[in-house]
Amino acid sequence: MLRKVAAAYTVLNENRFKIIAYENAATAVEHSTSEIKDLWDDGKLATIPGLGQSITQHIDELFKRGKVAHWENVFNKVPKAMFPLLDIPGVGPKTAYKLVTQLKLKNEQNAIEKLKRFAIEQKKTSLVKSVELYEKGAIKDNRININLADRIAGEMIAYLGDGVVLGSLRRRVATIGDIDIAAKTNIIDKFVNYPHKTEIIEQGPTGASIRLSNGRQVDLRIIKPAQWGSMMQYFTGSKYHNIKLRELAIKKGLKVNEYGISGKEFSNEKDFYNYLGLEYIPPELREDQGEFEMTLPKLIELKNVKGDLHMHSSYNDEPSHDLGDNSMEEMLAKAKELKYEYIAFTEHNPKHGVDILAILKRRFNYIEQLKKSNKYIRIINLLEVDIPPSGELNLPEGSEKYLDGILVSVHSEFRLDKDEMTARVLKALSHPLARIFAHPTSRLLGKREGIELDWEQIFDFCKKNNRAIEINAAPQRLDLPDVLVREAVKKKVLLSLGTDAHSTDSLEMMPYGIDVARRGWAEKSDIINCWNYDKLMKWIRG
DNA sequence: GCCGTTTTCGGCCCGACTGTTTTCAGTCG
């Protein structure tokens, strides 16, 4: 709605800063950690920067009456059929309006279809191309998980023999659109002849863009060494970080662009930031989320992690869900390779209708044996237990004899409403063995939205009752999401890192969890896996 | 329309690319 207002205002030649204000408001809503409706319920709408008095009032009206009189007025002044056209790349409000008027498009439903016919008839090739791009779904929701982007970028750089990644991939965002690569040597010819290329999108003296056979767009920029710092900074973004940076520069009487600061060039990023009176800001923090105003954290690093607290071996405890591919012994050998001090086995809980206590006892004995035969890695005996809708865990009295503690997590009935879901999770977390809330939103990137929870309640409960919340490092999960990690860190809620590995290979996914932790401003003191074994066990045993 | 450690008034990022009703508006990142 906010974007629609901005578009309509653009057509109506409203004050351009009012238009920007609406766009900023839309972005603020999209980036909010809470559903806007929930904030409204709690009367906290105005706490979101970018929503001022006027827009807050309009949103209030929207939730109370289902529509906003002022916005309806604005929409009525422009043709409805222009709005769907805005999804076409290269088509903004002005172009959409022009097209709709020219073609006398009346309704929203078939506007794009009619437009395409017109474009073909009039031989407007670039417009036809744009519509086709739109139809291919190349516009939105075409992001890939970060591990796939890493692989594509890695293969490309290996092929080129030069280059570093920029953009969202360098900021370690969970999902990636285009892949940006920068190089100091001119390798454009080699780049556009990449074997997996299907199309050269554009090619010029300072860079090129190609599309790969998997549909991914890769951009290459050749950067002069003297301008490496400012160019890296500019192309790493984020957009909002850069805008804030330039505003700050203006206040200091300086002008920032990708070539430098007021004409001065920078060969590295640190000097660039320092020149503006700022310390170097790690790429993961460049989202205009307080990195300019606040003292920067000493971010957690991979080497701080002393163990993995979520993994599934092939040990058969007759679980409700899948087993892992590798034995406990194989997982231990891999953990040794990763130089861990300890790991936790966290197979799924035994299913209904089996003798759970007998199974847990057998597993306990097996692990005790394993502890004796393996000298390098300390073993923690946990279990990942399903949270059913009732919140009642399928774990009989006496289980505590055979477990150090449990992770709890949601694996079914993802669509309960927020209050029911929160009650469900809090009930499970109240279980005396519960220590870690694993993959808390249960999202699967690009496949399944996360569950709805009252995060403030969950965080407060965990803080008060000494429960940890997991950052699941599996690249298809990355759950807790970074924005919620930030909230948890602000509230000093303990966090736990786990790969949720089902094989020895996936134990290597820990760096993706570190990325999320860093994007959430986590320091090593926020993460329980950075404790040594004794301290951790003391915490687990309560 | 939003916002504030110089401001409650007077600012609001910057440049590349595209197309063409040809020198600038529109769109994008």
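A, B, ... follow the sequence lines: proteins, then strands. Residue 1 opens every chain.
Within the nucleic acid shown, A:Gly50 comes within 4.0 Å of sugar-phosphate atoms alone, with no base atom in reach, counting heavy atoms only. Residue-level contact check: A:Ile250 touches the backbone only, with heavy atoms under 4.0 Å from sugar-phosphate atoms and none from bases. Across all strands, A:Tyr234 comes closer than 4.0 Å to base atoms (heavy-atom distances). Backbone-only contact: A:Lys255 has heavy atoms under 4.0 Å from sugar-phosphate atoms and none from a base. As judged by a 4.0 angstrom heavy-atom cut-off over every strand, A:Ser126 is placed among residues touching the sugar-phosphate backbone only. In this structure, A:Ile243 reaches the bases: a heavy-atom distance under 4.0 Å links it to at least one base atom across the strands shown. When heavy atoms are screened at a 4.0 angstrom cut-off, A:His241 is found touching no nucleic acid atom at all.
Atom P of B:dT18 sits at a distance of 29 Å from the matching atom of B:dC12, rounded to the whole Å. Spacing between B:dG15 and B:dT8 at atom P, rounded to whole Å, works out to 29 Å. B:dC17 sits 16 Å from B:dT22 when the C1' atoms are compared, rounded to a whole Å. When the P atom is used for both B:dC13 and B:dC2, the distance is 16 Å, rounded to whole Å. B:dG26 and B:dT21 have their P atoms separated by 15 Å, with the value rounded to a whole Å.
Under the rule for a ring-ring contact (aromatic ring centres under 6.0 Å, His included), the partners of A:Phe75 that lie at least two apart in sequence or sit in another chain are A:Phe83. Scanning for ring-ring contact (aromatic ring centres under 6.0 Å, His included) contacts around A:Tyr259 gives an empty result, with sequence neighbours left out. Shown here are the ring-ring contact (aromatic ring centres under 6.0 Å, His included) partners of A:Tyr275, two or more places apart in sequence or in another chain: A:Phe266. Legend: residues meeting ring-ring contact (aromatic ring centres under 6.0 Å, His included) with A:Phe118, ordered by chain and number and at least two apart, are absent.
With salt bridges taken as basic N to acidic carboxylate O contacts below 4.0 Å, one links A:Glu287 and A:Arg171. Looking at A:Lys418 and A:Glu452, no side-chain N of the basic residue comes within less than 4.0 Å of a carboxylate O on the acidic one, giving no salt bridge.
On the nucleic acid side, DNA chain B has its first and last nucleotide under 4.0 Å of a heavy atom of chain A at B:dG1 to B:dG29, going 5' to 3'.
Using Watson-Crick or G-U wobble geometry with both donor-acceptor distances under 3.5 Å, B:dC2 finds its partner in B:dG11.
Each of A:Asn257 and A:Pro49 was assigned the nucleotide of DNA chain B with the nearest heavy atom; the assignment lying further toward the 5' end belongs to A:Pro49.
In textbook terms, a nucleotide whose glycosidic angle is within 90° of 0 is syn, while B:dT6, being further out, is anti.
Sorted by first and then second residue, the pairs that involve residues 24-44 of chain A and meet ring pair (Phe, Tyr, Trp, His ring centres under 6.0 Å), not counting sequence neighbours, are A:His31-A:Tyr240, A:Trp40-A:Phe63.
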